[in-house]
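Step one of this worksheet: look at the structure below.
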Amino acid sequence: MYTFSGDEGGEEWGPEFMYHGFRYLQIIGLDEAPDPSAFTAMRIRSDMENVGTLETSNTLINQIHVICRDAIASQLYNSVTDCPHREKLGWLDVPNKMYNSLCYNFDMQSFYKKVVLDCFDAQYRNGRVPSTVPHYMDVYDDDPNWGGAAILVPYRTWKTYGDKSLMTAYYDQMKRLVDYYGTRSTNYIMNNNMSVLSDWGQETAGVSPLVPPEFTITTTYYYLLKVMAEMAGNLGKASDAQSFSQLAAKVKTAFNSKFYKNGTYEYGQQSEQAMPLYYGLADDAEEEKVAALLAARVKADNYKIKTGEIGLKPLFMSLAKYGYNDIVYKMANQTDCPSYGYWVKQGYTTTPEYWDVGAFSQNHCMMDHIEEWFFSELGGINNGGTAYDSIVIRPWIPEDMTVMKATFNSPAGLIRSMWTRNDDGISYLFEVPANTAATIIVPVDGGKRLQENGGEVKAGENGIRNVVYTDSSAIVTVGSGIYCFTESNSLPSGIVQAMAEKEEAMPYYSVSGIRLRHEPGTGELYIRGQQKYLKK
């Protein structure tokens, strides 16, 4: 409550030691209704650069991206919180499971260092890392999908940013944590009574029977062992690496013996089919069968999401890996509960905690794994090495989409992936940052060849290192630069406009061997001094 002093010149007030997440402001006790312009709501978060943009011709996809991005931004204050209004606690499921989705939107490198510092500041003597850091309460306090962030955030920070400082500084603490998880297993299967979190939120999607905790935590325990083996090997700890690998193999054998039969894991729910695929527990010879049954299960569920937060990322990314992006796209376009489109349809400006939009939090980001799919599959932007020193750009192109524009300011520099579809076919613009290389994979219809500037794309020309055609795609290896590919001989105006907007101040720049001259202040762009395009 704030009591005005009566200053005739007016007063301004705002909280200095507290912040609140809200959507509406209620004013009571005045003699007359105030003008809304008298109030200013300030959006606050920790100062990380926004590094990703995504825009398509699909309005619903754009709306989903906006509410997910804004929900993520709402959680970035001191800790990666679960919500900005109710608990404001650093639940570790978000930095763990949402790592990539957060990184596609914001530069998280420094922030994640603070998260890991909090993890090991809260570590128990027995090695356990609690579910919330800074540590606040003991409820739901022991689950590898939460506490395991203390291992997976350092690992992913190495892969994403090329920063090994976390895994180097905290290796011993990480080893104590994974050893602790070993004490909570029986015959290499994690104890069912260890945690009640399981696939949190699954019941709000109508999952029945529920995925048991021993399933979700054992899949993650296996993955933690594999990750520890890789980090140990990189740090020169060969004996540890061998021990972790051997233990992981035993967990995999025990897991498949207990939960797998003829293509189906446990009850065959979406999470149960997806998690073993994503975390590498399915045997190589069985992967395609498991993936096919996962796809069939989603179709049987009428393309509705039937997972909680723990199985959701494995669901999207496993379908993508095994060639079922069309199914993910159909799921993303649903507008009935449970779906992202349902949240948009209900008028939400951020994403709620649960699928059924009940009386609980209306601003969580723990379910927003579709963001990773948007950038890595629709945009096709993927880390092909360490810290994007090698890049894979492979956009998946829906039949009903005509425009897709994605950018990501990666640790190596700006990556751009754009395409437009018209009657002549699909035209592409890709930007690859300096001192990197990229493998670009795009669909090519009916035996056509990619064109650039009126000629066929060929190895050894204009930055092209290699070109390989398959029955349905072109695989082009390139160095740094900007590349404009098309199936037609003309350079579409939309692509040229994007290039013109790339550098307002530079009169000259090269686009994959095409010499461009921009007349500052005129809005005109010349290609080799011959053909003029006007910027809109």
Side-chain angles (χ1 to χ4, degrees), residues 48-49 51-52 95-117 119 148-171 174-175 178 223-238 240-241 244-245 248 278-280 313 317 320-321 371-373 375-377 379-395 406-417 430-441 463 465-466 475-481:
M48 287 93 69
E49 179 187 359
V51 295
N96 179 8
K97 300 300 178 180
M98 286 285 294
Y99 189 103
N100 292 336
S101 291
L102 268 61
C103 289
Y104 275 124
N105 282 283
F106 297 98
D107 181 356
M108 295 293 297
Q109 183 177 1
S110 295
F111 202 104
Y112 278 138
K113 291 183 178 181
K114 197 269 183 184
V115 171
V116 176
L117 176 64
C119 284
I151 293 172
L152 293 174
V153 171
Y155 173 75
R156 292 176 179 138
T157 298
W158 166 35
K159 294 296 185 179
T160 303
Y161 296 104
D163 184 353
K164 294 171 34 174
S165 63
L166 293 175
M167 70 185 212
T168 301
Y170 295 108
Y171 177 83
M174 291 190 292
K175 184 177 179 181
V178 79
Y223 185 59
L224 291 172
L225 289 168
K226 296 290 288 184
V227 162
M228 286 298 298
E230 185 176 350
M231 288 191 289
N234 184 268
L235 295 175
K237 303 178 185 296
D240 283 355
F244 289 133
S245 294
Y278 183 79
Y279 291 118
K313 172 181 173 176
M317 303 316 296
K321 178 180 178 180
E371 283 291 284
E372 181 174 348
W373 187 83
F375 281 93
S376 67
E377 299 301 321
I381 299 173
N382 289 278
N383 184 8
T386 300
Y388 292 84
D389 57 356
S390 175
I391 300 161
V392 176
I393 306 178
R394 185 175 187 167
T407 66
F408 173 51
N409 194 10
S410 76
L414 181 66
I415 303 170
R416 188 188 303 268
S417 174
F430 301 112
E431 183 170 353
V432 180
N435 300 313
T436 66
T439 299
I440 298 171
I441 305 170
R465 298 180 179 179
N466 193 33
I475 304 170
V476 186
T477 306
V478 302
S480 59

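The residues of the chain are indexed from 1 along the displayed sequence.
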*Would you sort out whether L152 and Y223 count as a side-chain contact (heavy atoms from CB on, under 4.5 Å), showing the intermediate values?*
CA-CA 9 Å; L152 293 174; Y223 185 59; 3.5 Å; yes

*Above 12 or not: heavy atoms from other molecules or residues under 6.0 Å from CZ of R394?*
no

*Any side-chain heavy atom of F111 within less than 4.5 Å of one from L102?*
no

*Nearest 0.5 Å, what's the CD1-CD1 distance between I393 and I381?*
6.5 Å

*Quick one: CG on L225 to OH on Y279, what's the gap to the nearest 0.5 Å?*
13.5 Å

*Side chains of M317 and E377 in contact at under 4.5 Å (non-hydrogen atoms)*: yes

_Interatomic distance, I391 atom CD1 to S410 atom OG [nearest 0.5 angstrom]_ = 5.5 Å

*If you look at every heavy atom in A438 and V432, which pair is closest and at what distance?*
CB-CG2, 3.7 Å

_Rounded distance (nearest 0.5 Å) linking atom CG of N383 with atom CG of D389_ = 7.0 Å

*Is a side-chain donor-acceptor pair under 3.5 Å present for Y104 with E371?*
no

_From C103 atom SG to R156 atom CZ, the distance as rounded to the nearest 0.5 Å_ = 9.5 Å

_Under the criterion side-chain hydrogen bond (donor to acceptor under 3.5 Å, both in side chains), I'd like the reasoning laid out for D240 against Y171: C-alpha separation, chi angles, the key distance, then a yes or no._
CA-CA 11 Å; D240 283 355; Y171 177 83; 2.6 Å; yes

*Sidechain-backbone polar pair: S245 side chain, A229 backbone, donor-acceptor under 3.5 Å*: no

*Does a side-chain heavy-atom distance below 4.5 Å link N234 with W158?*
yes

*Report the C-alpha distance between S165 and K113 in whole Å, list the side-chain angles of each, state the deciding distance to 0.1 Å, and finish with yes or no for side-chain contact (heavy atoms from CB on, under 4.5 Å).*
CA-CA 9 Å; S165 63; K113 291 183 178 181; 3.9 Å; yes

_Does F244 form a side-chain contact (heavy atoms from CB on, under 4.5 Å) with K175? I'd like the steps, not just the answer._
CA-CA 10 Å; F244 289 133; K175 184 177 179 181; 4.0 Å; yes

*Nearest heavy atoms of N409 and L414, plus distance in Å*: OD1-N, 3.6 Å

_Let's go through Y388 and F408 carefully: what are the C-alpha distance in whole Å and the side-chain angles of both, what is the deciding distance for ring pair (Phe, Tyr, Trp, His ring centres under 6.0 Å) to 0.1 Å, and is it a yes or a no?_
CA-CA 11 Å; Y388 292 84; F408 173 51; 5.3 Å; yes

*asked:* Would you say that V153 contacts Y99 through its side chain, given a criterion of any heavy-atom pair below 4.5 Å between the two side chains?
replied: yes

*asked:* Tell me whether Y161 contacts the main-chain N or O of M108 through its side chain, where contact means a donor paired with an acceptor under 3.5 Å.
replied: yes

*Can you tell if the side chain of I151 reaches within under 4.5 Å of the side chain of M231, non-hydrogen atoms only?*
yes

*May I ask you to test the Y170-C119 pair for a side-chain heavy-atom distance under 4.5 Å?*
no

*Closest non-hydrogen atom pair, I441 against P395*: O-CD, 3.6 Å

*Keeping the roles fixed (side chain from T407, backbone from R416), state whether a donor-acceptor pair exists under 3.5 Å.*
no

*Locate the shortest heavy-atom distance separating M48 from D107; write the atom from each residue and the value.*
CG-O, 3.1 Å

*asked:* Measuring from atom CG of L166 to atom CE of M174, what distance do you get when rounded to the nearest 0.5 angstrom?
replied: 8.0 Å

*For P411 and T160, work out which heavy atoms get closest and say how close.*
CG-O, 3.3 Å

*So, the side chain of N435 versus the backbone of P433: is there a donor-acceptor pair under 3.5 Å, distance only?*
no

*For L235 and M167, work out which heavy atoms get closest and say how close.*
CD1-O, 3.7 Å

